[in-house]
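Read the numbers this way: they start at 1 and go in the same order the structure lists the ligands and their atoms. Worth saying up front: this structure is predicted, and the values here are computed from it rather than measured.
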Amino acid sequence: MSQVKDPSLADKGKMSYEWARDHMQILTNTISRLKKSQPLKGLRIGICLHITKETSVLIMGAKELGADVSACAANPLSTQDDIAAFLAENGIHIYAWTGQTPEEYDWCIEQMLSHKPQILTDDGSDSHSKIHGNKKFASLKVLGGTEETTTGVIRLKALAKEKKLKYPVIAVNDAYTKHMFDNRYGTGQSTIDGYLRSMNLLFAGKRVVVAGYGWVGRGVASRCRGMGAKVCVTEVDPIRALEAHMDGFEVAPMSEAAKTGEIFITATGQTGVIRKEHILSMKSGAIMGNVGHFDVEVDAKFLLTESKSVREVRPNLDECVLKNGKSVYLVGKGRIANLVAAEGHPPEVMAQSFSNQLLSMIYIAKNHKKIGRNVITVPDEIDKQIAIDALKAMNVNMDKPTPAQIKYGQSWA
Ligand code: NAD
Ligand code: SAH
């Protein structure tokens with residue numbers, strides 16, 4: 001069973017899937033290598049990820065390794081409808097379309113869970129939190145789960161701290177080969193892509209304000225600088241603020257940056273980062289959006305419901321005429337702009353993230369009893385192997401330490 005926007009898009013989706021697959025060599029090599037041993041045979045896997053061409057390669061891979069897969073979207077606006085149609089045609093129980101209402105979004109997660117997944121893969125933890133907070137799903141026997149993003153890991157660790165976590169979870173985000181590359185270089189590039197598709201204005205010479213200098217913020221700030229923008233960073237952590245300063249960025253509080261910024265990009269995972277008072281002090285013409293989890297970093301509710309008028313002037317760009325007479329603009333309704341206004345990260349970087357996902361699912365299948373109800377990191381040997389495979393796929397050679405260097409490096413003398 002499935003529910004998608006338009007099943008006739010399946011052929012287009014197939015082409016998109018093939019394009020991604022052919023650029024996700026390390027993931028497809030892993031799938032080919034494990035196909036014979038069928039490590040996910042007979043397992044029901046539930047996937048709550050952005051339904052993109054890159055995710056379809058992971059889903060089809062899990063199926064090839066023996067799993068029965070059900071899937072839904074991790075965001076109401078990020079589904080690629082052609083990919084959803086392609087997956088439905090290929091025997092995946094998928095409930096996803098773009099432009100969902102909050103109720104539809106919720107319903108789709110529940111439909112995915114109705115297939116009784118034994119392994120649950122999430123991005124942001126909306127489905128994990130449904131299992132923990134909704135009595136309807138209390139009886140589900142989940143062996144274990146995985147989590148794709150920073151904020152999802154924070155939510156799961158909070159559950160574990162209160163001793164309420166019902167099954168082991170692997171924090172895929174915390175693998176080096178995930179967050180150092182996906183969060184930084186993936187978001188760095190796809191954020192520029194999302195903003196350009198929605199506004200198509202020049203970055204060069206513009207004053208761009210990036211909120212948060214974590215893995216995502218660093219990538220976004222560096223790519224905006226690469227486009228010739230004058231970048232100002234806002235932070236609440238003194239070490240990160242110092243790092244941004246020494247990386248050569250201006251650092252200022254949002255109350256100051258708001259007055260002079262022309263483009264704003266939030267990347268904190270926090271709530272209320274660009275608030276009503278900041279918005280009211282912005283220059284007319286300011287464009288703002290978010291690439292962190294959820295739609296609460298920029299006060300989208302204020303912009304969309306308390307403005308004098310709101311109209312979509314370009315796809316994924318709302319003009320909000322404020323009561324003070326200024327016009328400001330919101331990208332992608334304040335939801336992760338790189339997936340709403342563009343296609344998310346490119347395949348090569350998602351190959352690393354999703355190799356971590358696939359190998360973590362297999363690890364859970366084999367080891368769930370040993371792990372206990374904890375949030376653990378991706379085992380080191382998996383993380384390192386993915387780096388080795390990625391270097392190979394990119395034709396990059398490196399040195400090996402000599403025996404003398406190994407000895408020297410371990411000696412106290
Ligand atoms: P991180 O923890 O490395 O960085 C977050 C940074 O924001 C920290 O340095 C923190 O001090 C700072 N911060 C917190 N509150 C702030 C505030 N009020 N003002 C300014 N700075 C503030 O996390 P990360 O890995 O960079 O992820 C950030 C967010 O992006 C998370 O929600 C994550 O889930 C999401 N994410 C999105 C994508 C994407 O594709 N859009 C990719 C990866 C992660
Ligand atoms: N559900 C939350 C999650 C934040 S999205 C929300 O929608 O607000 C952040 C995650 O999206 C990242 O961890 C990244 O791995 C994932 N992502 C980025 N590009 C993607 C792509 N092309 N396909 C699938 N997932 C992608």
Side-chain angles (χ1 to χ4, degrees), residues 16 20 24 47-59 72-80 83 105 109 121-127 129 147-155 172-175 178-191 193-194 209-221 233-241 243-244 251-255 257 265-275 278 289-297 332 334-354 356-357:
S16 229
M24 296 176 86
I47 301 248
C48 177
L49 293 171
H50 299 289
I51 303 300
T52 62
K53 59 190 186 307
E54 292 74 24
T55 302
S56 68
V57 181
L58 172 67
I59 291 178
C72 64
N75 186 294
L77 304 183
S78 65
T79 294
Q80 294 166 9
I83 286 293
Y105 175 67
I109 296 180
T121 290
D122 204 337
D123 180 343
S125 273
D126 286 351
S127 72
S129 81
E147 173 49 52
E148 173 79 2
T149 201
T150 318
T151 299
V153 172
I154 292 172
R155 294 173 83 183
V172 164
N173 181 72
D174 294 357
K178 199 281 182 181
H179 67 265
M180 280 178 67
F181 302 90
D182 169 315
N183 300 25
R184 182 165 43 174
Y185 305 119
T187 321
Q189 176 165 315
S190 56
T191 298
D193 188 6
V209 178
V210 177
Y213 202 64
W215 290 104
V216 172
R218 290 179 186 114
V220 171
V233 169
T234 72
E235 250 299 343
V236 294
D237 178 321
I239 296 171
R240 297 261 166 106
E243 185 186 354
V251 178
M254 185 58 81
S255 53
I265 305 169
T266 55
T268 70
Q270 258 295 356
T271 183
V273 177
I274 296 187
R275 299 185 292 274
H278 301 132
N290 164 53
V291 292
H293 173 82
F294 262 174
D295 56 351
V296 293
E297 297 204 27
R335 290 190 184 271
I336 38 172
N338 60 323
L339 276 138
V340 172
E343 293 167 66
H345 305 352
E348 298 95 320
V349 83
M350 291 314 294
Q352 290 184 203
S353 307
F354 286 164
N356 275 293
Q357 282 289 5

Novice: Quick check: does any side chain N or O of His293 sit under 3.5 Å from a backbone N or O of Gly269, one acting as donor and the other as acceptor?
Specialist: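 Not a single qualifying donor-acceptor pair exists.
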Novice: Working to the nearest 0.5 angstrom, can you tell me the gap between Asp193 CG and Glu343 CD?
Specialist: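 Output value for this atom pair is 7.0 Å.
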Novice: Polar contacts were defined as any N/O atom of the residue lying under 3.5 Å from an N/O atom of the ligand; does this apply to His293 and ligand 1?
Specialist: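 Yes; the residue has a nitrogen or oxygen that sits under 3.5 Å from a nitrogen or oxygen of the ligand.
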Novice: Check each atom of ligand 1 against the heavy atoms of Thr149 and keep those under 4.0 Å away; list them by number with element.
Specialist: 33 (C), 34 (O), 35 (C), 36 (N), 43 (C), 44 (C)
Novice: Polar-atom distance check: Glu297 versus ligand 1, any N or O pair below 3.5 Å?
Specialist: no
Novice: Quick check for you: to the nearest 0.5 Å, what is the distance between Thr55 atom OG1 and Gln80 atom CD?
Specialist: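 Interatomic distance, Thr55 OG1 to Gln80 CD, rounded to 0.5 Å: 8.0 Å.
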Novice: Which residue owns the protein heavy atom closest to atom 4 (O) of ligand 1, what's the atom, and how far is it?
Specialist: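 Residue, atom and distance for the closest contact: Gly214 CA, 3.2 Å.
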Novice: Any nitrogen or oxygen of Val216, main chain or side chain, under 3.5 Å from a nitrogen or oxygen of ligand 1?
Specialist: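 The answer is yes, given that Val216 and ligand 1 share an N or O pair closer than 3.5 Å.
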Novice: Below 4.0 angstrom from a heavy atom of Ile336, which ligand 1 atoms are there? Numbered from 1 as shown, please.
Specialist: 41 (N)
Novice: Specify the closest pair of heavy atoms between Ser190 and His345, including all atoms of both residues, with the distance to one decimal.
Specialist: OG-ND1, 3.0 Å
Novice: Suppose I only count heavy atoms of Val291 and a 4.0 Å limit; which atoms of ligand 1 are within that range?
Specialist: 30 (O), 37 (C), 38 (C), 39 (C), 41 (N)
Novice: Could you pull out the closest heavy-atom pair between Met254 and Ala211, with the gap in Å?
Specialist: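 For Met254 and Ala211, the tightest heavy-atom pair comes out as CE-CB, 3.9 Å.
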Novice: At less than 4.0 angstrom from any non-hydrogen atom of Thr187, what atoms of ligand 1 do you find?
Specialist: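 Counting atoms of ligand 1 from 1, those under 4.0 Å from Thr187 are 38 (C), 39 (C), 40 (O), 41 (N), 42 (C).
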Novice: Is a side-chain donor or acceptor of Arg275 paired with a backbone partner of Gly272 at a separation under 3.5 angstrom?
Specialist: yes
Novice: Using ring-ring contact (aromatic ring centres under 6.0 Å, His included) as the criterion, list what pairs up with Tyr213, not counting sequence neighbours.
Specialist: Phe249
Novice: Counting only nitrogen or oxygen atoms and a 3.5 angstrom limit, does Arg240 reach ligand 1?
Specialist: yes
Novice: First locate atom OG of Ser353, then atom CG of Leu58, and finally report the distance between them rounded to the nearest 0.5 Å.
Specialist: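 Going from the OG atom of Ser353 to the CG atom of Leu58 covers 10.0 Å.
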Novice: Got a second to check how far Thr268's OG1 is from Asn290's CG, nearest 0.5 Å?
Specialist: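 One finds 7.5 Å between OG1 of Thr268 and CG of Asn290.
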Novice: Can you name the closest pair of heavy atoms from Ala20 and Val57 and give their distance?
Specialist: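 What the structure gives for the nearest pair is CB-CG2, 3.9 Å.
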Novice: Short list, please: which atoms of ligand 1 are under 4.0 Å from a heavy atom of Gly269?
Specialist: 29 (C), 31 (C), 32 (O)
Novice: Kindly confirm or rule out an N or O of Gln270 lying under 3.5 angstrom from an N or O of ligand 1.
Specialist: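 Looking only at distances, the answer is no, because the N/O contact criterion of under 3.5 Å is not met.
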Novice: Closest non-hydrogen protein atom to atom 14 (C) of ligand 1, residue and atom name please, with distance?
Specialist: Val236 CG2, 3.6 Å
Novice: Supply the atom-to-atom distance Leu339 CG to Ile51 CD1, rounded to the nearest 0.5 angstrom.
Specialist: 11.0 Å
Novice: What is the closest protein heavy atom to atom 31 (C) of ligand 1, and at what distance does it sit?
Specialist: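 For atom 31 (C) of ligand 1, the nearest protein heavy atom is Thr151 OG1, 3.2 Å.
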Novice: At under 4.0 Å between heavy atoms, is it the side chain or the backbone of Ala267 that contacts ligand 1, or both, or neither?
Specialist: backbone
Novice: Which protein heavy atom lies closest to atom 9 (O) of ligand 1, and at what distance to 0.1 Å?
Specialist: Glu235 OE2, 2.5 Å
Novice: Go through ligand 1 atom by atom and flag the ones less than 4.0 Å from a non-hydrogen atom of Thr234.
Specialist: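 Atoms satisfying the 4.0 Å criterion: 20 (C), 21 (N).
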Novice: If you compare all heavy atoms of Ala244 against all heavy atoms of Val251, which two are closest, and at what distance to 0.1 Å?
Specialist: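 In terms of heavy atoms, the two residues are closest at CB-CG2, 3.9 Å.
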Novice: Between ligand 2 and the protein, which N/O pairs fall short of 3.5 Å?
Specialist:
from: ligand 2; atom 1: 1 (N); to: Ala74; atom 2: O; distance (Å): 2.7
from: ligand 2; atom 1: 1 (N); to: Asp123; atom 2: O; distance (Å): 2.9
from: ligand 2; atom 1: 7 (O); to: Ala74; atom 2: O; distance (Å): 3.4
from: ligand 2; atom 1: 7 (O); to: Asn75; atom 2: ND2; distance (Å): 2.7
from: ligand 2; atom 1: 8 (O); to: Phe294; atom 2: N; distance (Å): 2.7
from: ligand 2; atom 1: 11 (O); to: His50; atom 2: NE2; distance (Å): 3.4
from: ligand 2; atom 1: 11 (O); to: Asp123; atom 2: OD2; distance (Å): 3.2
from: ligand 2; atom 1: 13 (O); to: Thr149; atom 2: OG1; distance (Å): 3.1
from: ligand 2; atom 1: 13 (O); to: Lys178; atom 2: NZ; distance (Å): 2.8
from: ligand 2; atom 1: 15 (O); to: Glu148; atom 2: OE2; distance (Å): 2.5
from: ligand 2; atom 1: 15 (O); to: Asp182; atom 2: OD1; distance (Å): 3.4
from: ligand 2; atom 1: 15 (O); to: Asp182; atom 2: OD2; distance (Å): 2.6
from: ligand 2; atom 1: 19 (N); to: His345; atom 2: N; distance (Å): 2.9
from: ligand 2; atom 1: 19 (N); to: His345; atom 2: ND1; distance (Å): 3.4
from: ligand 2; atom 1: 22 (N); to: Glu54; atom 2: OE1; distance (Å): 3.0
from: ligand 2; atom 1: 22 (N); to: Glu343; atom 2: O; distance (Å): 3.4
from: ligand 2; atom 1: 22 (N); to: His345; atom 2: N; distance (Å): 3.4
from: ligand 2; atom 1: 22 (N); to: His345; atom 2: O; distance (Å): 3.1
from: ligand 2; atom 1: 23 (N); to: Thr52; atom 2: OG1; distance (Å): 2.7

Novice: Within this structure, what is the CG-CD1 distance for the pair Asn338 and Ile265, rounded to the nearest 0.5 Å?
Specialist: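 One finds 10.0 Å between CG of Asn338 and CD1 of Ile265.
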Novice: Considering only the protein, which heavy-atom contact is closest to atom 23 (O) of ligand 1, and what is its distance?
Specialist: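 Looking at atom 23 (O) of ligand 1, the protein heavy atom closest to it is Thr150 CG2, 3.5 Å.
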Novice: Between ligand 1 and His345, can you find any atom pair, the residue atom being a heavy atom, that is separated by under 4.0 Å?
Specialist: yes
Novice: For Thr234 and Ala257, work out which heavy atoms get closest and say how close.
Specialist: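 Heavy-atom minimum between the residues: CG2-CB, 4.2 Å.
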Novice: To check your reading of the model: name the closest protein heavy atom to atom 40 (O) of ligand 1, its residue, and the distance in Å.
Specialist: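 Protein heavy atom at minimum distance: Asn338 ND2, 2.8 Å.
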Novice: Check this for me: does any side-chain nitrogen of one of Arg155 and Glu147 sit under 4.0 Å from a carboxylate oxygen of the other?
Specialist: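 Salt bridge: no.
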Novice: For atom 30 (O) of ligand 1, grab the closest protein heavy atom and report residue, atom and distance to one decimal in Å.
Specialist: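 Here the nearest protein heavy atom works out to Gly292 CA, 3.4 Å.
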Novice: Atom 22 (C) of ligand 1: which protein heavy atom is closest, and how many Å away?
Specialist: Thr268 CG2, 3.4 Å
Novice: Which atom pair, heavy atoms only, marks the closest approach of Asn356 to Ala175?
Specialist: OD1-CB, 3.5 Å
